Amino acid sequence: MAAKTSYIGAGVVRNDAREKVTGTARYAGDLKFDRMLYAKLLRSKYAHARLVRVDASKAAKLPGVKAVVTGKDFPYRMGLYLVDRTPYAVDKVRYYGEPVAGVAAISPEIAEEALSLIEVEYEELPPVLDVLEAIKPESPLVHPNLHEYEHVPAIFPVPHTNISNHFKIRKGDVEKGFAEADLIVEDTYYVPQIQHSPLEPHAAIALYDREGKLTIWASSQSPFAMRKILSQSLKWPMHKIRVIGPYVGGGFGGKAGLNVEATLVPLAMKARGYPMKLVCTREEEFRDTFVRQGMWCRLKTGVKRNGRITAQEFEMYWDGGAYTEYGVNVTRAAGYSSAGVYDIPNMKTDSYCVYTNKPVGGPLRGFGHGENHWAIEQHMDQIAHRLGMDPVEFRMINLQREGSTNATGQVLHNVGIGKCLEETARLIGWTKVTGPGKIEPGTKKVRAKGIACMTKAPAMPNDAASTAIVKLNDDGTVVLNISAQELGQGAFTVLAQICAEELGVRYEDIRIYPVDTDHGAYEWQTVASRITYSCGRAVMEAARDAKRQLIDHASRYFGVPAEDVDVVDGEVFVKSNPSRRVPVGTLALGATLPDFSGYGGPVVGRGKFIPEGIVAMDAETGQSPKPVANWTYGAQAVEIELDLETGRIDVKKVAAVYDAGRVINPVTATSQVEGGVVQGLSIGLFEEMKFDERGKLLNPSYVDYKIATAAEIPEMLVGFVEVPQEDGPYGARGIGEHVMVPTPPAIANALFHAVGVRVKRLPMTSENVYWALRQK
Amino acid sequence: MLLPFDYVRARSREEAVDLALRAGAGGRFLAGGTDLLVRIHDRQLRPKVVIDLKGIEGMQAINSCDGEGLVVGAATPLNRLIRDELVRSRYGLLAEAAHTVGSVQIRNRASLGGNISNASPAADTAPALLLYEAEILTWGPSGGRKILIGEFFKGPGATALGEGEFVFKVRLPILKERSFGVYLKLGRTRAVDLAIVSVAALALEGGEVRLALGAVAPTPIRVREAEAILRNRKDKEAIKEAAAAARRLAAPISDIRASREYRLEMTEVLTARAIEQALAGLAARAR
Amino acid sequence: MIHNIRVKVNGEWVEACVPSHRRLLDFLREDLDLIGAKEGCGGGECGACTVLVNGEPINACLMLAVEADGADVLTVEGLGDADGLDPVQEAFVENSALQCGYCIPGMIMSAKALLVRNPSPTREEVVEAISGNLCRCTGYARIVDAIMQAAEAARAAESSKVGGE
Ligand SMILES: Cc1cc2nc3c(=O)[nH]c(=O)nc-3n(C[C@H](O)[C@H](O)[C@H](O)COP(=O)(O)OP(=O)(O)OC[C@H]3O[C@@H](n4cnc5c(N)ncnc54)[C@H](O)[C@@H]3O)c2cc1C
Ligand code: FES
Ligand code: FES
């Protein structure tokens, strides 16, 4: 018989592709129900103000309005890591755009008219807009009651300050390390707040029915986490809350946790029996959903003349915005990865999450690493330059390798960064940097290359688990019940591949349905680049379990030992006599034996996974033998063309190599990298949320918040390294977030190599680069 | 979702004027809607009546009148303009400039008349129209009149149009000489962006070089003083001087897209480049 | 103000009453349940709402339903037939030229219009045709590949037709 071809490593066609090209795929905003109402929110016009009076009585009387709520109606605090946020402002507003009241009406037009009837009296307070001001003792407090807020043990708020988390690394002896150094380099770096800007704005529909059950259809990365946050906050049993997740039109972290859905809950409770829909406008999407936190940092590194790093001191101040319920964990993750990909014996890191009166910071693809690597990877180039070394050579000396320790003191094994860096350099055609770039003849343009590395681990609680259930239908098709979300990353495709591989059925025969917390297999959240790794393992186990059952049925059915049976391409057969075969469907519900008695029963495989052996980091030192599930490494190099007269950077070519452990699907993996590179390029060159002096966002639209268009794309050379992940499926580990982290610093390094000018704040717009060129 | 208003499709010029006068401040003309509907969507404008001009005869036509140049209906979508053979061959600079407006989708709706009636300092077709010395043929309560493009723009969002008056057609006079035009637009992204600075240069065989700037003054401006420098000299030095003059004539503001200082610097850089490219293009064409 | 309109949508004439301020996008999505066209911004910037009106791609968020009176409107739902996908859709599937898919209906309509107008586009022309369609996921490269491939497939089909006759 024909040799079985493996689905692992195969570039099968995405299983969501047909639905998506025909317009059949449904997203939350596409859903419609009878009697559906339209919800709209009244948002604050001040960044920081006391709410003196909120009077919604006129709005409530408008015909067609079914529910109106204000903060006083629903003063419940919510949050994933730090419980600091109410769906509507209660006593004061903390950012321009914060919901003050909500309305549900029979048409969007009426809902909007109702909003205009709500009277709000504000007493403006001085806004806290600058993170470095916010940490001063005399700064006004955004959350005076911070000390009362509940939080997970891994978070360390500093009471009576604006600091909602202080994460520390204390490794070795930094004083000694700096004393040993021949050269100390110190610099500061900055990244502004930016937006995920998925093409699909946040959308949700909520229904509180007559039975007292709340159902939410949401564009969400986190149906189960949403259920948990709501249940904890409302003190409701979980079965009273159901979250259904249709396709998500892009998430990038912005749809993790609990978002705009929270504002619908009190409205739904008031208009019992009416489903109601809330779809964010693009303006709301830019300002009133999670944003990536801004960050200002100071980095200081000691190095020997031979290039070996002896010590590092890193201070990060995160512009966390008005609420940091999720953001606190970003600042923690950026803290424990503060060594980057380098082996640094002595380290001191302080990562502070700081409240400001700005939009709410939260997770964004990269989870703190795009920010800290913006600093680290430029810094490494700066040191190399000061030492007169080539940036690749200098990195090679300091890279983490077998037996190295990272910032947490964890001893590392099977580290793939060396290979990634080598391969990246090869792909881009790296040649030793020798002085500035050459001006292209007849133009005012210079070409140059730059390189940057990265590493990141999934930032998640130690009980972030996955489950999978594999059910066989008697037509031979398979229902793979998982609750990973398909955000576009290709989760459904890769999980179906794993299932098909393990079960011995055709990939095309596997069906995955939208997430439903009522009867779906548990999944923590689709975040942290963890689905292939974690859910993949659960699927693997569930499929194996199902296969064992099938084989057991077959063994009785054929009257041969189990070892003599196998399942391939949807058929069960006797290995020693392959002509004896039946389709899996025949045995799906059990086996009918020769005497017509039944055996076995319907095949249901179950699998689960939780990363084991993770040890909490020490509160004072951040040290732990195994702080996280795994580390993914990667490197990127870029070739840019710089217009010396305008400051415009054109990224011509990008090489990107990641250690995926094992590539399950080269097409979706490559596609992830390409998408990440372009998002990274976009963040590097264009993206910044700009505020006026009173904290109002000035560019909540694509008109003035530019993201890369098709005209910006570089040539992309993508490669993978495969150093297996011990507990990953087939050795696989996540790459989804990592792929956009090194692009901006690689561009910045290329800029330096082009003209010896360094831009230490994002974005590298033509104007910012131009002034940097002029200052030289 | 848009908030309610009334839509009326005018069937004649007279009806359009009549509707506009009756609606007063609550009335708005509609051509392609790529600006008007965005403003209504963003809740910046809340008109009572929207008067569609596209049904008026001639509003979307492109006619060449012998000896009179080309007459373009004001509601002609930019893509039709760009694809028109006569426009491409005789008024290439306008086609090139129109091509930089928005996206394909936008240009299928956005009209020439809408672009100038908006009176955005960054309107991309304006510098080209200034250099071709276009005439704006309007229709209003007292019938038709002609406004020279140089007198059409009065400030950001302000035009010479009176109450109830609209742009009916745009006439492009015949250019007797061979010419070559260049439009340089500096945006943030390479596609679908508004100009931070834009420069149009039109080199004529007779030796004249015309120059206009966008996004660096309250209106798009023609910079004749800079042109004068190039009247008899076209060497590197003259180009430099002309570019410096353009910079002096620019009066940009700082806004979210760029600072005043950067705009000034870029005015100079792009002006020099535009002149060089226009002269080189003309020379190549003459060969 | 309410208008009676007659619009040909995906080959079928539809008669409807719409208020003046109803956008073509809302008309398609809310009144006709054609949810393929998406709203990504409502301001003409993202292209997720792209549909063809009389063969030309436009932003359905910036056109009033009443303006489409008498027009021929094609949405992604009108592509392909009972037997299968349109070659453009086919090429997007084969190239995995999509991720979350939210931009894809608009992207495909832009591509479709391009190939009708220009069956042999260059890469640059493809890029220009879709530069009004933002995609936050894919990095565009595969989308450009898919459109180039669809063009090639269409040309091949065309030439084999000629050869066979
Ligand atoms: C995504 C996007 C990108 C854009 N990019 C650009 C760009 O790159 N460059 C650029 O210049 N513009 C750009 N614009 C703005 C706009 O598309 C153009 O200005 C367009 O030419 C306007 O034409 P319209 O027919 O759509 O105008 P409409 O929106 O119909 O009208 C615009 C204004 O002019 C009035 N008006 C329209 N026609 C007439 C008339 N004949 N007589 C008197 N008043 C009239 C209207 O009442 C309204 O106030 C962009 C817009 C969008 C949404
Ligand atoms: S929704 Fe129409 S262009 Fe974005
Ligand atoms: S596939 Fe997600 S926006 Fe394009």
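Protein chains get the first letters and strands the later ones, always in sequence-line order, with residue 1 at the start of each. Since the structure is predicted, the reported quantities are computational estimates derived from the model, not experimental observations.
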Inset, instruction - Compare all side-chain heavy atoms of A/Glu283 with those of B/Asp42 and state whether any distance is below 4.5 angstrom. - result: no
Legend entry - Distance, nearest 0.5 Å, that separates CD of A/Glu645 from CG of B/Leu270: 9.0 Å
Legend entry - Heavy-atom proximity to chain A below 4.5 Å, by part of B/Glu261: both
Legend entry - B/Leu186/A/Arg648 under side-chain contact (heavy atoms from CB on, under 4.5 Å): CA gap, chis, key distance, verdict: CA-CA 9 Å; B/Leu186 183 70; A/Arg648 174 188 290 279; 3.6 Å; yes
Legend entry - Pairwise distance CD(A/Glu112) to CG(B/Leu3) - rounded to 0.5 angstrom: 4.5 Å
Legend entry - Separation between CZ of B/Arg43 and OG of A/Ser116, rounded to the nearest 0.5 Å: 11.0 Å
Legend entry - Residue part contacting chain B, namely of A/Ile707, when any heavy atom lies under 4.5 Å: backbone
Inset, instruction - Using a heavy-atom cutoff of under 4.5 Å, enumerate the residues of residues 187-202 of chain B that contact chain A, numbered in order, or state 'none'. - result: B/Gly187, B/Arg188, B/Thr189, B/Arg190, B/Ala191, B/Val192, B/Asp193, B/Leu194
Legend entry - Under 4.5 Å from a heavy atom of chain B, the part of A/Val279 involved: neither
Inset, instruction - Please check if atom CD in B/Glu225 has more than 12 non-hydrogen atoms from other residues, nucleotides or ligands closer than 6.0 Å. - result: no
Legend entry - Sidechain N-carboxylate O distance under 4.0 Å for B/Arg273, A/Asp643: yes
Inset, instruction - Please indicate whether A/Lys652 has more than 12 foreign heavy atoms, meaning atoms of other residues, nucleotides or ligands, lying under 6.0 Å from its NZ. - result: yes
Inset, instruction - Please flag which part of B/Ser103 lies under 4.5 Å from any non-hydrogen atom of chain A: side chain, backbone, both or neither. - result: neither
Legend entry - Residues, nucleotides or ligands: over 12 heavy atoms within 6.0 Å of B/Lys234 NZ: yes
Inset, instruction - Answer with side chain, backbone, both or neither: which region of A/Arg282 has an atom nearer than 4.5 Å to a non-hydrogen atom of chain B? - result: neither
Inset, instruction - Select all residues of residues 763-771 of chain A having any heavy atom within less than 4.5 Å of some heavy atom of chain B, and report them by number, or 'none'. - result: A/Ser766, A/Glu767, A/Tyr770, A/Trp771
Legend entry - Test item: B/Ile256 and A/Tyr705 side chains (from C-beta on) under 4.5 Å apart, heavy atoms: no
Inset, instruction - Inspect the surroundings of NZ in A/Lys58 and state if more than 12 heavy atoms from other residues, nucleotides or ligands are less than 6.0 Å away. - result: no
